[in-house]
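Reminder, nothing fancy here: chain letters follow the sequence lines and each chain counts from 1. Remember, it's a predicted structure, so these values are computed and weren't measured experimentally. In what follows, every heavy atom counts, from backbone to side chain, and hydrogens, waters and symmetry copies are set aside.
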Amino acid sequence: NAGVTQTPKFQVLKTGQSMTLQCAQDMNHEYMSWYRQDPGMGLRLIHYSVGAGITDQGEVPNGYNVSRSTTEDFPLRLLSAAPSQTSVYFCASSLRGLSYEQYFGPGTRLTVT
Amino acid sequence: AQKITQTQPGMFVQEKEAVTLDCTYDTSDPSYGLFWYKQPSSGEMIFLIYQGSYDQQNATEGRYSLNFQKARKSANLVISASQLGDSAMYFCAMRETSGATNKLIFGTGTLLAVQP
């Protein structure tokens, strides 16, 4: 099992550019989520999904879109990058639910200039 | 609203000694769960230990134990016999039950440095 994989590991964007952060898991988990990690603020939930075709907003959804067409994949789209979106992004999956043990990917470090 | 507080931004401990990382929480929900995650310098988040609010005994996983004091609303992580590889950021998290879907909320973390 590869677990949860994320690509890319690092990305630099210019303000206004768009991009997609990829996330995939091979554990057949129904629950997947995206977090961002900023210094001094812990992890904050951006969007989550409770199964293929079902997504919902977390704590900080503005500026991001998600879709879940398959159980395995949960991409995060930045529509028009802003410097405030400079952060480390983690994808996570869970067998039992969002409030149970999460398996995290290795993270994507994004810088928006 | 539920809240998680980690008041120690950083901690030092000598190798082979025990260390306690503090975590306090605030919730009015009688059913909740508390988690600890480790984040080494490589960046990945690693699940360490879980305590349910109705669990009678403190959770233990190898060298990790959770000192759960319900009346004080604290869930401190105890690492026994520290090793150099324990140097990392440690996050406490709690199951949030407001709204239709339960989620995790995270504290701001404690950076632990183990010294030889």
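Within a 6.0 Å radius of NZ in B/Lys70, more than 12 heavy atoms belonging to other residues, nucleotides or ligands are found. Heavy atoms of other residues, nucleotides or ligands lying less than 6.0 angstrom from CD of B/Gln14 number more than 12. Other residues, nucleotides and ligands contribute at most 12 non-hydrogen atoms within 6.0 Å of the CZ atom of A/Arg96. At most 12 non-hydrogen atoms from other residues, nucleotides or ligands lie less than 6.0 angstrom from CZ of A/Arg109.
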Legend entry - side chain to side chain contact (heavy atoms under 4.5 Å, CB included) between B/Met45 and A/Phe90, worked out: CA-CA 9 Å; B/Met45 296 282 288; A/Phe90 288 97; 4.2 Å; yes
Inset, instruction - Evaluate the side chain to side chain contact (heavy atoms under 4.5 Å, CB included) criterion for residues A/Leu43 and B/Tyr37: first the C-alpha distance (whole Å), next the side-chain angles of each, then the deciding distance (0.1 Å), finally the verdict. - result: CA-CA 11 Å; A/Leu43 276 76; B/Tyr37 284 86; over 6 Å; no
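Not a single donor-acceptor pair under 3.5 Å links the side chain of A/Tyr103 to the backbone N or O of B/Phe47.
The line from CG of B/Leu48 to CD of A/Glu101 is 10.0 Å long, rounded to the nearest 0.5 Å. The CZ atom of A/Phe104 lies 11.0 Å from the CD1 atom of B/Ile46; values are rounded to the nearest 0.5 Å.
Contact annotation for A/Tyr31: neither backbone nor side-chain heavy atoms come within less than 4.5 Å of a heavy atom of chain B. Heavy atoms of B/Gln39 lying under 4.5 Å from chain A belong exclusively to its side chain. In this structure, chain B has no heavy atom under 4.5 Å from any part of A/Gln6.
Looking at heavy atoms from C-beta onward, B/Phe106 lies out of side-chain contact with A/Leu45 at the 4.5 angstrom threshold.
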